[in-house]
Structures are given as C-alpha cells and as structure tokens.
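Please read the structure below before turning to the comments.
Everything numeric in this text was worked out from a predicted model, so none of it was measured.
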Amino acid sequence: MQRLPEFIANHPLLTAAFVGLLLAWIGWEISQRFRGFKSLTPAQLVRLMNDEGMILFDVSAHADYQSGHIAQARHLPPSQVDPDSKELAVLRDKPIALYCKTGLTAGTIASKLVKAGFSQVHVLKGGLQSWIADNLPLSKGKR
C-alpha cells in the first residue's frame, strides 16, 4: 500500500485503464439492477414455469421459432409486441418470461414491457443458445 502512489505515478496509463474498467463495471452492475426485469438461467426458468405457471414467449423471428423453440413457448414476433394488446394486457401482473436466440431482443422487449407497467418480467439469460447448451429439449414447428 505504501508503494501505490509510486506505482500510480510511474504507470499512468495502467492506472487510467484500471479506473476506467472499474467504473464501467460499476455502471454495468447498477444498470442491471435497475432495468426492471430479471435474468434467469435455464434451470431457474424451468422451475418457475413448473412452480408458478410462468407464461413463456419466444420473441424471435418466425423461421427461428419454427426451427426450434421451448415446448410451452408462445410465439410473439418482435414487430407485434404491443403492451396494450388483449393478449398481453391481461398478463400485466402475471409472471412472464421472454427469450430469443441470444437474449438481446428479449431484453429490449422486456424493457418495453416494464415501462408499460408489467411487474413480473423475466428474460432467459443467453437466450435459446443457453437452453441448447444445457441440453434441454426443443419443439419444432407450430405450438
């Protein structure tokens, strides 16, 4: 600890890089806590679907949904997500989970739903790729 000021003086670029990465990491953690929805692992998703009757939506493209989706998932194309639609409005206070191929689209849609007043929104962390990586089953074709 006594040599820290000397290190900082001798290595300003390393120090600046460390401080920058530390601030970026803190900012990331804060944004994750206040985004309004929770990320779930595949195992957590299965448990919530079984125990709490969570409703699952696949928000990927139609072709991706047809080629493989989680068995109980309803297809909801991103272009058709309307928080005020009849299908979604009745789910405002119920637990819902979203997923897509990688999790990025699902996260964007989850944020939109949280802003619209949905209280129990979850996203499959890593999307369908994490589901497949855990060797969990897929259904093909229409639900």
Side-chain angles (χ1 to χ4, degrees), residues 1-5 7-8 11-143:
M1 225 29 189
Q2 296 170 347
R3 295 180 56 188
L4 184 60
F7 179 85
I8 293 171
H11 303 285
L13 289 177
L14 282 175
T15 302
F18 173 76
V19 170
L21 287 172
L22 181 63
L23 291 175
W25 178 62
I26 290 170
W28 172 258
E29 288 295 323
I30 290 171
S31 72
Q32 294 298 303
R33 298 211 189 277
F34 293 105
R35 64 186 176 181
F37 62 88
K38 295 180 182 176
S39 293
L40 300 173
T41 64
Q44 291 170 321
L45 178 62
V46 169
R47 191 183 82 248
L48 289 174
M49 286 170 53
N50 292 335
D51 296 346
E52 296 182 21
M54 179 173 288
I55 299 161
L56 182 62
F57 289 100
D58 182 322
V59 293
S60 51
H62 184 70
D64 289 337
Y65 179 79
Q66 293 282 339
S67 66
H69 58 274
I70 299 172
Q72 292 91 353
R74 301 179 190 177
H75 186 232
L76 182 64
S79 61
Q80 295 177 5
V81 174
D82 177 13
D84 297 322
S85 71
K86 286 183 180 180
E87 181 181 18
L88 287 178
V90 298
L91 303 174
R92 197 169 297 275
D93 295 319
K94 297 193 176 179
I96 63 171
L98 308 168
Y99 75 91
C100 60
K101 193 172 190 176
T102 62
L104 295 176
T105 302
T108 302
I109 292 171
S111 293
K112 182 178 180 180
L113 293 176
V114 168
K115 286 179 186 173
F118 286 73
S119 60
Q120 298 182 56
V121 181
H122 303 80
V123 171
L124 178 59
K125 186 177 187 177
L128 192 61
Q129 291 175 347
S130 68
W131 184 270
I132 293 167
D134 282 1
N135 293 316
L136 294 166
L138 292 178
S139 293
K140 298 202 186 260
K142 291 186 177 184
R143 182 175 183 257

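Atom CG of Leu56 and atom CG of Leu98 lie 8.0 Å apart (nearest 0.5 Å). If you take CG on Leu124 and OG on Ser130, they are separated by 4.0 Å, rounding to the nearest 0.5 Å. The distance from the CG atom of Leu91 to the CG atom of Leu113 is 9.5 Å, given to the nearest 0.5 Å. Atom CD1 of residue Ile8 and atom CZ of residue Phe18 lie 9.5 Å apart, to the nearest 0.5 angstrom. Interatomic distance, CD1 of Ile55 versus CG of Leu48, reported as 12.5 Å (0.5 Å rounding). From Ile109, atom CD1 reaches atom CG of Leu104 across 11.0 Å, with rounding to the nearest 0.5 Å.
Within 6.0 Å of atom CG in Leu23, more than 12 heavy atoms from other residues, nucleotides or ligands are found, so the atom counts as buried in its surroundings.
Nearest approach of Phe118 to Ile96, heavy atoms of both residues: CD2-CD1, 4.1 Å. Residues Ala116 and Pro83 approach most closely at CB-CB, 3.4 Å, considering heavy atoms. For Val123 against Gly103, the heavy-atom pair with the smallest separation is CG1-O, 4.2 Å. Nearest heavy atoms, Ala106 versus Val59: CA-CG2, 3.8 Å. Thr105 approaches Pro78 most closely through the heavy-atom pair CG2-CG, 3.9 Å.
The salt bridge (charged side-chain N to carboxylate O under 4.0 Å, His left out) test applied to Arg92 returns Asp84, not counting sequence neighbours.
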Query raised in the report: Does the side-chain contact (heavy atoms from CB on, under 4.5 Å) test come out yes or no for Asp134 and Thr41, once each step is laid out?
Result: CA-CA 10 Å; Asp134 282 1; Thr41 64; 5.8 Å; no
Report task. Quick one: do Phe57 and Glu87 satisfy side-chain contact (heavy atoms from CB on, under 4.5 Å)? Show the steps, please. Result -> CA-CA 11 Å; Phe57 289 100; Glu87 181 181 18; 3.8 Å; yes
Query - Pair Leu45-Met54, side-chain contact (heavy atoms from CB on, under 4.5 Å): steps then yes or no - result: CA-CA 8 Å; Leu45 178 62; Met54 179 173 288; 3.9 Å; yes
Requested in this report: List the steps, then state whether side-chain contact (heavy atoms from CB on, under 4.5 Å) holds for Lys140 with Gln66.
Outcome: CA-CA 6 Å; Lys140 298 202 186 260; Gln66 293 282 339; over 6 Å; no
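Applying the salt bridge (Lys or Arg N to Asp or Glu O under 4.0 Å) rule to pairs touching residues 101-120 yields nothing, sequence neighbours excluded. Annotation: salt bridge (Lys or Arg N to Asp or Glu O under 4.0 Å) contacts involving residues 49-60, sequence neighbours excluded, are absent.
At least one donor-acceptor pair under 3.5 Å links the side chain of Tyr65 to the backbone N or O of Ala73. No side-chain donor-acceptor contact under 3.5 Å links Lys125 to the backbone of Ser39. His75 places a side-chain N or O within donor-acceptor distance of the main-chain N or O of Ser60, the cut-off being under 3.5 Å. Trp131 contributes a side-chain N or O that, together with a main-chain N or O of Pro137, makes up a donor-acceptor pair within less than 3.5 Å. A donor-acceptor pair under 3.5 Å is formed between the side chain of Gln120 and the backbone N or O of Asp93. A distance-only check finds no donor-acceptor pair linking the side chain of Ser85 to the backbone of Val81 [under 3.5 Å]. Of the possible polar contacts, none joining the Gln80 side chain to the Pro77 backbone as a donor-acceptor pair under 3.5 Å is found.
Ring geometry, Phe7 versus His11: the interplanar angle falls from 30° to 60°, so the pair is classed tilted.
Contact of the Leu88 side chain with the Leu76 side chain is registered, since non-hydrogen atoms from C-beta on lie closer than 4.5 Å.
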